[in-house]
Amino acid sequence: MYLCAMQLSEQERIRRDSLVELRKLGIEPYPAAAFNATHRSTELAASFKDGMEVTLAGRLMSRRIMGKASFAEMQDSEGTFQLYLNRDELCPGEDKTTYNVVFKKLLDRGDFIGVSGETFTTQTGEQSLLVRELTVLSKSLKPLPAVKVDDAGNTHDAFSDPELRYRMRYVDLVVNPHVRETFEARSRIIRTIRESFDQQGWLEVDTPVLQAIPGGAAARPFKTHHNALDIPLYLRIANELYLKRLIVGGFEGVYEFSRNFRNEGMDRTHNPEFTVLELYVAYKDYHWMMETMENLIGDVCQSVHGKTQATLGGQEINFKPPYKRVTMRDAILEHTGIDIDGKNEAELRSACQSVGVDTDDSMGKGKLIDELFGEKCEHHFIQPTFIIDYPVEMSPLTKVHRDKPDYTERFELMINGTEVANAYSELNDPIVQRERFEEQLKLGERGDDEAMFIDQDFLRALEYGMPPTSGVGIGIDRLVMMLTNQTSIQEVLLFPQMRPEVFSTGPNLKALEELGIPSDWTEHVAAAGFDSATALSETSPAGLREKMNGYRKKNKLSLPALSLEEVEAWFSTIH
RNA sequence: GACCUCUUAGCUCAGCUGGUUAGAGCAUCUCACUUUUAAUGAGAGGGUCCUGGGUUCGAGUCCCAGAGGGGUCACCA
């Protein structure tokens with residue numbers, strides 16, 4: 001499936017030959033000079049008048065050659081534009097090489113070109129550019145997938161294999177315009193959030209990705225090692241504890257678009273590295289944060305769609321604030337009939353079992369409730385909903401509810417049955433925080449391998465005093481999914497994690513020659529599958545001779561057939 | 001990590017109960033064509049049927065193992 005450099009397809013060989021031909025004509029296929037276009041495609045379409053002198057640069061995407069005249073599609077960063085090339089307009093003198101040879105023979109779909117000329121409208125009403133000057137900007141050596149779009153907008157022969165699309169996102173972006181749109185939307189979402197926060201005077205900060213203690217969340221980290229300090233370091237699973245230190249330090253609002261890393265499973269909502277926006281604002285609580293979030297997400301939706309509604313998986317999602325607030329207790333009560341209020345661990349465990357939720361002994365009260373919600377409730381919340389007031393046991397960094405001592409001031413924002421944001425009134429009592437960490441430690445001893453580590457320096461920071469603060473983390477990848485109608489996280493990550501591709505390093509022709517194989521034969525021996533001395537040593541002289549003579553016959557080589565003595569001579573150098 | 005499923009030309013895909021030299025459309029090459037737009041007409045070339053074993057007179061097809069992808073589940077956000 002993956003060709004090595006020596007085994008080129010027919011189309012690749014032809015393109016390499018064209019490259020040589022261009023140079024023979026004195027045309028450098030990879031010129032160094034800048035090429036300055038006057039317009040981009042959609043910009044030109046918007047301001048289009050007949051008779052404009054314009055220069056465009058882009059990728060040649062299709063050609064319709066009709067003898068002395070041709071039409072071509074050129075694609076730039078914004079869209080496509082039609083070119084009209086006429087032999088005598090492009091080559092007014094005697095020499096018609098630029099049209100007859102360079103354009104018709106040596107250029108291919110995928111090449112970058114620059115064109116200058118005059119705009120006009122064709123008989124069929126299409127905006128076009130009459131090309132008077134053509135510059136080769138970069139030759140493409142591999143054929144792009146042959147995607148075609150008809151008049152009705154139907155795509156034919158789409159480049160749709162997810163493996164190829166994710167591994168070669170550059171190709172995906174060239175031939176699938178909707179992919180580019182998704183990533184433009186992602187950029188717009190992030191920009192809208194950043195602009196909104198900056199307007200509030202909150203500070204964008206950078207905190208460590210390499211952490212000695214992977215804190216702020218419950219997850220398995222990636223571990224690495226620092227040589228100079230000779231200590232283990234972890235890639236961050238969250239940046240929460242660092243942002244809170246900055247609130248201790250006196251900033252009123254801090255935020256960071258944090259790339260987090262978690263060494264866990266991958267599926268259509270999980271990638272090992274993912275982006276969370278974390279925001280902490282002093283003197284606020286989680287009620288304030290809910291209002292802030294619903295307004296923000298309404299604005300973000302507006303910036304992407306021009307309205308506060310969006311379609312997601314065939315359902316209309318309404319992002320217009322305010323969003324419903326449902327307590328964790330009510331959510332579980334509604335969907336399972338179980339009232340978690342006042343129940344102890346044993347009662348919760350049997351309640352879980354009664355509705356078919358699996359449990360094990362390492363699960364504490366918090367985990368049991370979490371399981372109940374995750375299994376039985378989560379997927380019901382399609383429209384944006386704040387699930388509020390989580391049990392103390394599952395929220396070790398959260399302040400206890402002002403009225404309900406068994407609960408915390410925490411909410412998660414659910415959209416389309418998926419958690420998109422998680423926020424608290426932050427726990428700022430250093431003594432209670434220490435106790436909560438110690439409870440986590442006990443859970444760890446019970447076998448919960450995701451229980452939190454104790455970060456002593458963070459506790460010391462709290463002891464210096466942190467103002468009442470509300471903080472939130474928004475899963476940016478998931479938010480982008482919700483707003484771009486994607487059901488897979490891989491569609492909103494430019495380069496989603498994949499198992500590394502295995503590349504053939506190509507045959508080692510030199511090694512074969514050193515064995516005494518004549519240079520006429522080395523490439524054929526390699527092509528027959530014996531591309532290294534090791535591969536040769538695994539066969540026998542007689543077997544190889546038979547194979548190579550068969551290969552000679554099949555490929556009609558003009559070389560004499562091999563004798564057994566010749567082949568045995570190659571083998572004597574191996575052994 | 002478990003189960004299901006897929007892998008055939010540059011791309012998208014056919015290929016029946018195992019049986020001539022593995023097919024189609026687009027792409028490529030040759031020729032024709034001065035306003036087309038999934039351009040058109042005529043002709044040609046292009047294959048590690050994912051890899052390695054096995055069954056068989058004979059394997060793209062059946063069996064086993066492996067690689068990679070997708071889906072479902074588990075874990076998690």
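Reminder, nothing fancy here: chain letters follow the sequence lines and each chain counts from 1.
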Where do A/R64 and A/S70 land on the side-chain hydrogen bond (donor to acceptor under 3.5 Å, both in side chains) test, with the steps shown first?
CA-CA 6 Å; A/R64 296 181 288 278; A/S70 303; over 6 Å; no

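- Rounded to an integer number of Å, the gap from A/D161 CG to B/C13 P is 8 Å.
- For A/F381 and A/H335, the ring centers are positioned less than 6.0 Å apart.
- Here, B/U48 and B/U7 have their C1' atoms 14 Å apart, quoted to the whole Å.
- In this model, no donor atom of one side chain and acceptor atom of the other lie less than 3.5 Å apart for A/Y170 and A/D172.
- Exactly one of A/L60, A/L56, A/T80, A/V131 qualifies for a side chain to side chain contact (heavy atoms under 4.5 Å, CB included) with A/M74. That residue is A/L56.
- Considering only side-chain atoms of A/N86, the nucleotide from B/U36, B/U34, B/G10 that sits closest is B/U34.
- Atom CD1 in A/I14 sits about 9 Å away from atom C1' in B/G46, given to the nearest Å.
- The shortest distance between the side-chain N/O atoms of A/R167 and the OP1/OP2 oxygens of B/G69 is below 4.0 Å.
- Computed from coordinates, the A/Q127 CD to B/U35 C1' distance equals 15 Å when rounded to whole Å.
- In this structure, A/R410 forms a cation-pi arrangement with A/Y390, its terminal cationic atom sitting closer than 6.0 Å to the ring centre and no more than 45° off the ring axis.
- A search for side-chain hydrogen bond (donor to acceptor under 3.5 Å, both in side chains) contacts involving A/S488 returns nothing, not counting sequence neighbours.
- With P as the reference atom, B/C13 and B/C4 are 24 Å apart, rounded to whole Å.
- Listed candidates were B/G10, B/U35, B/C13. Nearest to the side chain of A/Y84 is B/U35.
- Among the heavy atoms of the strands, none lies under 4.0 Å from A/K104.
- Nucleic acid contact class of A/N422 (heavy atoms, under 4.0 Å, all strands): none.
- Regarding A/I387, its CD1 atom lies at a distance of 16 Å from the C1' atom of B/A77, rounded to whole Å.
- Atom P of B/C50 sits at a distance of 8 Å from the matching atom of B/U61, rounded to the whole Å.
- In the set B/A27, B/A77, B/U34, B/A77 carries the atom at the smallest distance from any side-chain atom of A/F274.
- Distance check on atom C1': B/U34 versus B/U28 gives 25 Å, rounded to whole Å.
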What is the per-nucleotide protein-contact pattern of nucleotides 39-45 of chain B, from the 5' end, where B denotes a base atom under 4.0 Å from a protein heavy atom, S denotes such proximity for sugar-phosphate atoms only, and - denotes neither?
B-----B

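- At a threshold of 4.0 angstrom between heavy atoms, the contacts of A/E419 are confined to the sugar-phosphate backbone, with no base atom among them.
- Toward the 5′ end of RNA chain B lies the nearest nucleotide of A/K105, the other residue of the pair A/Q82 and A/K105 mapping further downstream.
- Counting heavy atoms of neighbouring residues, nucleotides and ligands inside a 6.0 Å radius, atom CD of A/E133 does not exceed 12 of them.
- The residue A/N271 sits close to a base: some heavy atom pair falls under 4.0 Å.
- Separating the CZ atom of A/R220 from the P atom of B/A74 is a distance of 15 Å, rounded to the nearest angstrom.
- Checking side-chain atoms of A/R13 against main-chain N and O of A/L8 turns up a donor-acceptor pair under 3.5 Å.
- The CG atom of A/N239 sits 14 Å away from the C1' atom of B/A77 (whole-angstrom rounding).
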Before giving the answer on ring pair (Phe, Tyr, Trp, His ring centres under 6.0 Å), spell out for A/Y234 and A/F222 the whole-Å C-alpha distance, their side-chain angles and the decisive distance to 0.1 Å.
CA-CA 6 Å; A/Y234 301 87; A/F222 285 93; over 10 Å; no

Acceptor/donor pairs from residues 88-97 of chain A side chains to any protein atom, 3.5 angstrom cut, sequence neighbours excluded:
unit_1	atom_1	unit_2	atom_2	d
A/D88	OD1	A/K96	NZ	2.9
A/E89	OE1	A/R132	NE	3.3
A/E89	OE1	A/R132	NH2	3.4
A/D95	OD1	A/T97	N	2.9
A/D95	OD1	A/T97	OG1	2.3
A/K96	NZ	A/C91	O	2.7
A/K96	NZ	A/G93	O	2.8

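- Distance noted for atom C1' between B/U56 and B/G66: 23 Å (whole Å).
- Nearest heavy-atom pair across A/V175 and A/R109 is CG1-NH2, 4.2 Å.
- Judged by closest nucleotide on RNA chain B, A/A158 is the one of A/E126 and A/A158 placed further toward the 5' end.
- Across B/A65 and B/G58, the matching P atoms stand 23 Å from one another, rounded to whole Å.
- Judged by distance alone, with hydrogens and angles left aside, the side-chain atoms of A/D76 form a donor-acceptor pair with the main-chain N or O of A/S41 at under 3.5 Å.
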Table of protein N/O atoms under 3.5 Å from nucleotides 71-73 of chain B N/O atoms:
unit_1	atom_1	unit_2	atom_2	d
B/U72	OP1	A/R268	NH1	2.8
B/U72	OP2	A/R268	NH1	2.9

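- Counting to the nearest Å, the P atom of B/U48 and the CG atom of A/L8 are 12 Å from each other.
- Residue A/R499 has a polar side-chain atom (N or O) positioned under 4.0 Å from OP1 or OP2 of B/G68.
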Both distances under 3.5 Å, Watson-Crick or G-U wobble: on that basis, could you give the dot-bracket string for RNA chain B, with [ ] for crossing pairs and | for other-strand partners?
(((((((..((((.....[...)))).(((((.......))))).....(((((..]....))))))))))))....

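- Listed nucleotides: B/U34, B/G69, B/G10. Nearest to the side chain of A/D88: B/U34.
- Looking at A/E21 and A/K105, no side-chain N of the basic residue comes within less than 4.0 Å of a carboxylate O on the acidic one, giving no salt bridge.
- One P atom belongs to B/G60, the other to B/G41, and the distance between them is 35 Å to the nearest Å.
- A donor-acceptor contact under 3.5 Å is formed by the side chain of A/D157 with the base of B/G25.
- The stretch residues 471-498 of chain A participates, sequence neighbours left out, in these salt bridge (charged side-chain N to carboxylate O under 4.0 Å, His left out) pairs: A/R165-A/E491, A/R186-A/D477.
- Side-chain proximity of A/E264 to the nucleotides B/C11, B/C75, B/U12 is greatest for B/C75.
- Among the heavy atoms of the strands lying under 4.0 Å from A/G265 is at least one base atom, whether or not backbone atoms are also near.
- Here the P atom of nucleotide B/U36 and the CG atom of A/L85 are 16 Å apart, to the nearest Å.
- Nucleotides B/U17 and B/U36 place their C1' atoms 49 Å apart, quoted to the nearest Å.
- A/E371 comes within 4.0 angstrom of sugar-phosphate atoms only, judged by non-hydrogen atoms across all strands, and of no base.
- A cation-pi arrangement, defined by a distance under 6.0 Å to the six-membered ring centre and an angle within 45 degrees of its axis, is present between A/R63 and A/F103.
- The side chain of A/T124 sits closest to B/U37 out of B/U37, B/U35, B/C11.
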